[in-house]
Amino acid sequence: MTEPLVRIEAVSRRFGEIRALEQVSLEIRQGEFFALLGPSGCGKTTLLRILAGFEHPDSGSVTLDDADLLAVPPHRRPVNLMFQSYALFPHMNVAKNIAYGLEREHLPKAEIRERVDAVLATIGLTGLARRRPNQLSGGQRQRVALARAIVKRPRLLLLDEPLSALDKKVRAEMQLELKRLQHEVGITFVVVTHDQEEAMSLADRVAVLSEGRVRQIDAPVPLYERPADLFVADFIGANNLVTGMVGADGLQVPGVGVLPCPVPAAAVGRAATLAVRPERVRLGTEGGLAGVVRDVTFFGGTTRVAVDVTGLDRPLLATVAGATAVALGDKTRVDWSASDAMLLGND
Amino acid sequence: MRRSNWLYVPAGLTYLFLYLPIAVLVVMSFNAADTPYRLDGFGTAWYGKLFADRAVREGLVNTLIVAAGATALSTVLGTLLAVGLARYTRSKLLDAIAVAPAVLPDIVLAIGLLAFYTAVQFTLGRHSILLAHAVFGTAFVAAVVRTRLAHVDGSLEEASRDLGATPLSTFARITLPSLAPGIIAGALLAFSLSIDEFVIAFFTTGPDNPTLPIVIYSMVRFGVTPEINALATLLLAVSFTFVLIAQRLSRLTESI
């Protein structure tokens, strides 16, 4: 693996009573696409602003290329931020906006023009160099903001909710574009998002944050398949979560029965939560739990069925391929393999 | 829904109430004869006579000096005050105190300034009026720029820092240009308030160099002449133009 570009160690930041970041430690590797994912208020934006230099931690250290980053003022950091609002300068045209950062480095005029033209071509906006930001569409503005940041060739590019202001179709397009661009320019990207689909589809690795703490750092697939705790299991993708006591042969849920799952010996006798993904849940006529179909949602490729099981306060979800034969109100049985479920501690 | 036509009647009467005196003034300024209250023919003789009047000319020069100086001072101070308030404090009280001189009764400010000048044994003249006008001018500029600031995306300055600009360069290249419409509107407002300000100027003026409103006042004491009407009409035109431009610019402010 490549070596870490950024090392964040034990960073804490409080705003009055609110703990925005609590002892956050993580490493971002050279050339990777890294995502900070979490619900609003989890501290991800604070961490991003610390990397950009607009916020200072109360304690902890941040290094970039093994040099202290916190001692460097924002305008001297080899780090650029693409703002959520894009923050394009309204009194300058597209070319001027993009050239702004290069002019601050006092580069020769010819080189500036060359690099601006090159980046305009990269993002496909060559014809719009003379436009003002208010004459551009949302997607175009986003490209300009991106161009303005990458033209500086930063060591680290930060993107604050890069796709949140775009409508659905443009968003999917930009998502691909971002990935392509990251490969092309080879800059390390750190994206902040509350949208788990966005994080999972864009990033090589994702750090899940909640209430100022890092819950798990992993690649998208292990994050989905092996969530480290209850929060991650619930936050990433859809999941069926059932609480009970761990018995010798599964999770005992009062009024429901014993649910199949792998049982580590150390967990027996403790309270725990069972997690099983909807696509692992089978509907049938035999075995498992008896229930009544409460809702059927057809998505085209798949169908999601919600089944009310007596004794559970939330319906169990099952995702089946294609259309399904069950209908609202049908009696059915719900089952899954023990190996497809996992147990998580209740803390 | 159908609009009720009769509502135009009270509206029309209200406008008449507002503008009838001014209309009379403008019409009378073109009076050909020497009768201030009765129109006898049409002419611009009084304008000619006005420009020949030395006291008026000097008053105009004094007024322009005071207004230009007060505007320059209040534009710089007001802008810095507005930016500083927005950036470094969340205190509502400081905010209110900053714009209070704009809404204080003129007479209060006038008495206060005179008392202050006397206490510190400051000489009175054009400079004392200039400083006095800068007091309320600053408050007006601060209020207008503050409104403009509220419409400007705060991340613009951060973006500038992020792209490698120093704080000073950011202020010059990003902050000032994005505040420009507000600053210009504030300056125009301060200027047009200064040129026709009477109460404060009257209290803080010295023995020489009276401003135009004071000159007019001393002329009126011996009765209104059509000359005064001509002068007032000119002042009206200037103020009106400035207010319109200021309004235009602050509307521009909201649309960005």
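As a basis for the values below, the full set of heavy atoms in this structure was taken, side chains included, without hydrogen atoms, waters or symmetry mates. Each chain gets a letter, A, B and so on, in the order the sequences are listed, and its residues count up from 1.
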Participant: Do you know the tightest heavy-atom contact between A/Tyr100 and B/Thr170?
Facilitator: OH-CA, 4.5 Å
Participant: Any donor-acceptor pair under 3.5 Å linking the side chain of B/Asp162 with the backbone of A/Pro74?
Facilitator: no
Participant: Under 4.5 Å from any heavy atom of chain B, what part of A/Leu88 do you find: side chain, backbone, both or neither?
Facilitator: backbone
Participant: Just wondering, are more than 12 heavy atoms of other shown residues or ligands nearer than 6.0 Å to CZ in A/Arg171?
Facilitator: yes
Participant: Quick one: which of A/Glu105, A/Arg77, A/Arg148, A/Arg76 has the most heavy-atom pairs under 4.5 Å with chain B, could you say?
Facilitator: A/Arg148
Participant: Under 4.5 Å heavy-atom distance to chain B, tell me which part of A/Arg49 shows up: side chain, backbone, both or neither.
Facilitator: side chain
Participant: So which residue, A/Gln84, A/Met92, A/His75, ends up with the most heavy-atom pairs under 4.5 Å with chain B?
Facilitator: A/His75
Participant: Minimum heavy-atom separation for B/Glu158 and A/Phe54, please, with both atom names.
Facilitator: O-CZ, 3.0 Å
Participant: When rounded to the nearest 0.5 angstrom, what is the spacing between NE2 in A/His91 and CD1 in B/Ile174?
Facilitator: 4.5 Å
Participant: What part of A/Val79 gets closer than 4.5 Å to chain B, counting heavy atoms only: side chain, backbone, both or neither?
Facilitator: backbone
Participant: How close do B/Gly164 and A/Arg104 get, counting heavy atoms only, and between which atoms?
Facilitator: O-CB, 3.7 Å
Participant: Return yes when atom CG of B/Leu18 has more than 12 non-hydrogen atoms of other residues, nucleotides or ligands closer than 6.0 Å, and no otherwise.
Facilitator: yes
Participant: Count the heavy atoms of every other residue, nucleotide or ligand shown that sit under 6.0 Å from NE2 of A/His183, and state whether that count exceeds 12.
Facilitator: no
Participant: Are side-chain heavy atoms of B/Arg173 and A/Phe89 found at a separation under 4.5 Å?
Facilitator: no
Participant: Name the region of B/Asp153, side chain, backbone, both or neither, that has any atom closer than 4.5 Å to a heavy atom of chain A.
Facilitator: side chain
